[in-house]
Amino acid sequence: MMQKPPYWFPAKRYGWGWGVPTCWQGWMVIAVYAVLVAMAVVFIRPARDPLLFVAAVSGLSIALVAVCWLKGEPPRWRWGGKQ
């Protein structure tokens with residue numbers, strides 16, 4: 001009997017994308033992302049260098065989406081319905 005792969009990020013019930021993490025690894029990814037964004041706010045100073053700040057947060061966000069894509073359920077549009 002084949003087991004389902006352990007997804008860190010389940011698909012949302014409605015819409016496209018991922019929902020709240022279901023395991024500690026997913027929560028760790030979210031925590032690291034939040035800490036790194038907070039560090040970007042403190043060290044880059046968005047008011048002083050807005051382009052560098054936008055580039056840093058964009059890079060971090062792209063990395064977060066990449067992890068969700070690799071470790072989450074395959075994304076597709078969902079309308080609710082049966083699980």
Side-chain angles (χ1 to χ4, degrees):
M1 187 166 151
M2 293 186 59
Q3 291 182 328
K4 288 177 28 179
Y7 292 122
W8 294 1
F9 302 95
K12 292 183 352 181
R13 187 168 182 178
Y14 295 96
W16 191 93
W18 301 275
V20 178
T22 57
C23 63
W24 70 268
Q25 292 96 335
W27 284 109
M28 186 61 68
V29 168
I30 298 296
V32 168
Y33 173 78
V35 167
L36 290 175
V37 169
M39 288 175 62
V41 170
V42 170
F43 292 113
I44 296 175
R45 306 281 177 154
R48 189 172 8 138
D49 201 352
L51 292 178
L52 181 59
F53 178 73
V54 168
V57 172
S58 296
L60 291 170
S61 298
I62 289 169
L64 176 64
V65 170
V67 170
C68 290
W69 196 286
L70 292 171
K71 300 306 276 180
E73 284 187 68
R76 65 181 172 89
W77 190 261
R78 298 175 197 276
W79 296 98
K82 296 180 182 176
Q83 291 285 42

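Values below: all heavy atoms of this structure, side chains included; hydrogens, waters and symmetry mates excluded. Computed from a prediction, not measured in an experiment: that's the story for all the values here.
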Residue pair Ile30 / Pro21, side-chain heavy-atom distance below 4.5 Å: yes
Do [X] and [Y] belong to the same hydrophobic cluster, where Ile, Leu, Val, Met, Phe, Trp and Tyr are linked whenever their side-chain heavy atoms lie under 4.5 Å apart, directly or via other members?
{"X": "Trp18", "Y": "Trp79", "result": "yes"}
{"X": "Val65", "Y": "Trp27", "result": "no"}
{"X": "Val29", "Y": "Val35", "result": "yes"}

Main-chain N/O of Pro10 paired with Thr22 side-chain donor or acceptor, under 3.5 Å: no
Any donor-acceptor pair under 3.5 Å from Trp8 side chain to Cys68 backbone: no
Please table the atom pairs, donor to acceptor, closer than 3.5 Å between any side-chain atom in residues 56-64 and protein atoms at least two apart or in another chain.
residue: Ser58; atom: OG; partner: Val54; partner atom: O; Å: 2.7
residue: Ser61; atom: OG; partner: Tyr33; partner atom: OH; Å: 2.8
residue: Ser61; atom: OG; partner: Val57; partner atom: O; Å: 2.9

Aromatic plane relationship, Trp16 with Trp69 - under 30° parallel, 30 to 60° tilted, over 60° perpendicular: tilted
Rounded distance [0.5 Å steps], CD in Gln25 versus OH in Tyr7: 15.0 Å
Minimum-distance pair of heavy atoms, taken over all atoms of Arg78 and Lys12: CD-O, 2.9 Å
